[in-house]
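The shown structure was predicted, so the numbers you read here are calculated from the model rather than taken from an experiment. We name chains A, B, ... by the order of the sequence lines, and we start the count at 1 in each one.
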2 protein chains.
Amino acid sequence: MTKRLTTTAFVDHAPHLIKDAVKLVASYPTVPITVDCVIFGFEENELKVLLIRSDLEMYKGFWSLLGDNVKDNEELDSAAYRILKERTGMNDVYLDQVRAFSHPQRHPGGRVITLAYCSLLNIQHHELMIYANELHWHSFSSIKEMAFDHKEILDTCYAWLQKRIQEHPLGFNLLPDKFSLRELQNLYEAILGVSLDRRNFRKKFASMGLLIDVGEMEEDVPHRPGKLYKFNFEKYEKNKRKWIGIDF
Amino acid sequence: MTKRLTTTAFVDHAPHLIKDAVKLVASYPTVPITVDCVIFGFEENELKVLLIRSDLEMYKGFWSLLGDNVKDNEELDSAAYRILKERTGMNDVYLDQVRAFSHPQRHPGGRVITLAYCSLLNIQHHELMIYANELHWHSFSSIKEMAFDHKEILDTCYAWLQKRIQEHPLGFNLLPDKFSLRELQNLYEAILGVSLDRRNFRKKFASMGLLIDVGEMEEDVPHRPGKLYKFNFEKYEKNKRKWIGIDF
DNA sequence: TTATTATTGTGTAAGATGTACACATTTAAA
DNA sequence: TTTAAATGTGTACATCTTACACAATAATAA
């Protein structure tokens with residue numbers, strides 16, 4: 001997907017030149033790098049976030065993002081996917097790098113730079129696979145304090161999500177495969193913190209042509225059941241470039 | 001501006017707990033970190049980018065972004081500002097973190113993670129202050145190959161800029177203090193790679209209310225001179241939140 | 001001095017999109 | 001059978017976007 005090292009072919013790899021390069025890099029200070037994942041979910045009409053108890057005694061009682069150090073020669077994206085896989089058992093989830101946090105005192109154990117990643121996942125899919133204790137979904141709005149600078153990271157990722165969801169139809173990653181328009185609207189209202197006109201909301205999504213009517217109805221609702229839809233991932237992938245903004 | 005370490009006050013700083021934290025961090029692999037700045041300018045109706053000859057013999061002849069390693073306990077943002085200051089003499093320039101590049105083989109000297117920063121600066125202001133040799137403005141569109149993965153970084157920052165400039169009136173950072181609407185339009189056309197309707201373009205900017213008529217006219221143009229404007233930075237800063245998207 | 005050229009400055013109509021708003025229909029539950 | 005609660009739909013209005021043309025101005029060339 002991303003182009004990599006396209007210039008390598010033109011470069012002289014003579015051993016003494018490599019040695020020079022190695023020497024240069026060896027002169028750089030080094031820093032421990034971590035990845036912290038903000039994992040959003042949606043349940044009971046609330047935006048949730050998956051947190052774990054801090055593993056540091058110092059932050060005993062504080063909640064913390066799911067993070068880990070980046071291994072030797074591990075790409076940041078891979079580290080983020082690895083953490084997700086290890087902690088939730090999930091493989092194919094939406095994941096994006098948000099930004100780096102580098103305040104020298106952000107970790108009490110010394111200088112650590114962390115890369116924040118934002119991930120969206122479907123709680124229904126994932127619920128069964130969590131194995132770790134002390135891993136819990138929290139209502140996003142209830143979180144006031146966290147370990148390290150994780151509250152700042154969380155807030156940054158939330159702002160990122162609010163913006164991102166208005167540019168790309170990401171919400172589907174948080175919903176079951178089949179969902180009603182009401183559920184979809186609840187999701188948008190929860191994330192954006194606004195209330196939307198039902199008719200206009202439906203009209204807008206209808207006009208996007210990304211919803212497939214699966215011909216089924218909601219069940220076990222205490223009122224008239226609504227139609228169920230699934231998201232047209234294929235069509236979205238095809239027309240991605242038209243959905244505002246080149247991905248970078 | 002950003003909240004930092006808001007939870008620290010609630011945390012137990014007993015020495016043995018700090019020792020634990022230090023021990024934990026000491027167990028993490030460490031990585032050399034660099035910052036690479038993509039510095040855009042605008043001149044002669046072309047988007048330009050400021051590049052330097054690669055300092056690695058291996059990439060002799062290749063152009064490279066302005067980068068440096070991040071010092072001990074230096075914040076990434078500070079490192080980026082330091083590089084800008086050192087290389088261009090400029091202090092108050094627009095600067096934003098774009099993203100991290102972490103391919104294990106991206107640097108021939110071994111594993112180096114770099115943080116890409118994007119910066120916009122006014123070539124007129126800055127021209128006199130460049131002191132380094134081998135530091136040149138290049139037409140963005142003419143750049144085909146670069147050292148390391150810098151072409152990929154450049155392309156990423158360009159895509160980022162294209163998107164960003166449609167959400168925030170960043171273009172002003174690239175123009176002289178006083179500019180004509182034609183110059184402003186040329187800038188947008190150059191960055192977005194489209195041609196825009198002159199009347200609609202003017203109407204749009206007029207309706208934003210961010211332009212101040214300085215009561216002067218262009219000089220030395222071989223045709224009817226246009227009015228000069230300056231950008232209303234104050235008003236923009238005040239209403240920033242309304243300019244699409246919370247900053248994150 | 002005049003004519004030519006290039007560019008500025010402006011307005012309007014049509015289309016597209018966003019917003020506000022109301023009523024009949026359907027199901028579950030009382 | 002009635003009631004309550006939600007679904008499903010359409011229309012008018014306002015706002016934004018797009019397409020498009022002509023007179024005014026200054027520099028230049030004749």
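- Each of I39(B), I123(B), L121(B), L65(B) was compared with L50(B) under the side-chain contact (heavy atoms from CB on, under 4.5 Å) criterion, and only I39(B) meets it.
- Applying the salt bridge (charged side-chain N to carboxylate O under 4.0 Å, His left out) definition to pairs two or more places apart or across chains, none involves residues 185-194 of chain A.
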Could you walk me through whether F172(B) and F233(B) pass ring-ring contact (aromatic ring centres under 6.0 Å, His included), step by step?
CA-CA 9 Å; F172(B) 304 104; F233(B) 281 98; 7.0 Å; no
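- Ring geometry for H150(A) versus F148(A): interplanar angle of 30 to 60°, hence tilted.
- Residues satisfying the ring-ring contact (aromatic ring centres under 6.0 Å, His included) criterion with Y158(B), sequence neighbours excluded, are F140(B).
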Pairs under 3.5 angstrom, nitrogen or oxygen only, protein versus nucleotides 26-30 of chain C, please.
residue: dT26(C); atom: O4'; partner: R224(A); partner atom: NE; Å: 3.4
residue: dT26(C); atom: O4'; partner: R224(A); partner atom: NH1; Å: 3.4

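- Taking atom CZ on R202(B) and atom P on dT7(C), their separation rounds to 13 Å, with Å as the unit.
- A straight line from NZ of K227(B) to P of dA26(D) spans 12 Å, rounded to a whole angstrom.
- The distance from atom CD of E219(B) to atom P of dT8(C) is 16 Å, rounded to the nearest whole Å.
- Within the structure, the salt bridge (charged side-chain N to carboxylate O under 4.0 Å, His left out) test picks out the following pairs touching residues 202-217 of chain B (sequence neighbours left out): K178(B)-E216(B), D213(B)-K227(B).
- When rounded to the nearest whole Å, the span between CD of E183(B) and P of dT8(C) equals 10 Å.
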Protein N or O to nucleotides 11-16 of chain D N or O, pairs below 3.5 Å:
residue: dT11(D); atom: O4; partner: K203(A); partner atom: NZ; Å: 3.0

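- The nearest whole Å value for the distance from the CG atom in N186(A) to the P atom in dA6(D) is 10 Å.
- As rounded to whole Å, 15 Å separates atom P of dT8(C) from atom CG of D220(B).
- Per the geometry, CD belonging to Q185(A) stands 13 Å off C1' belonging to dG8(D), to the nearest Å.
- Taking V221(B) as the reference, E218(B), H223(B), P225(B) meet the side chain to side chain contact (heavy atoms under 4.5 Å, CB included) condition, with sequence neighbours excluded.
- For Y94(B), there are no ring-ring contact (aromatic ring centres under 6.0 Å, His included) partners, not counting sequence neighbours.
- Not counting sequence neighbours, the partners of E237(B) by the salt bridge (charged side-chain N to carboxylate O under 4.0 Å, His left out) test are K240(B).
- Shown for residues 189-199 of chain A: residues whose heavy atoms fall under 4.0 angstrom of DNA chain C, namely D197(A), R199(A).
- In the helix from dT1(C)-dA30(D) to dA30(C)-dT1(D), the terminal helix axes, each the rotation mapping four pairs' C1' atoms onto the next four within five end pairs, subtend 0°, rounded to 10°.
- Among pairs with a residue in residues 190-200 of chain B, those fulfilling salt bridge (charged side-chain N to carboxylate O under 4.0 Å, His left out) read D197(B)-R199(B), at least two apart in sequence or across chains.
- With rounding to whole Å, E218(A) atom CD is found 21 Å from dT25(C) atom P.
- Residues S54(B) and S64(B) have side chains that never bring a donor and an acceptor to within less than 3.5 angstrom of each other.
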Apply salt bridge (Lys or Arg N to Asp or Glu O under 4.0 Å) to R106(B) and E152(B), showing your working.
CA-CA 11 Å; R106(B) 59 172 294 280; E152(B) 185 191 349; over 6 Å; no
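- For A190(B), the side chain to side chain contact (heavy atoms under 4.5 Å, CB included) test picks out F42(B), with sequence neighbours left out.
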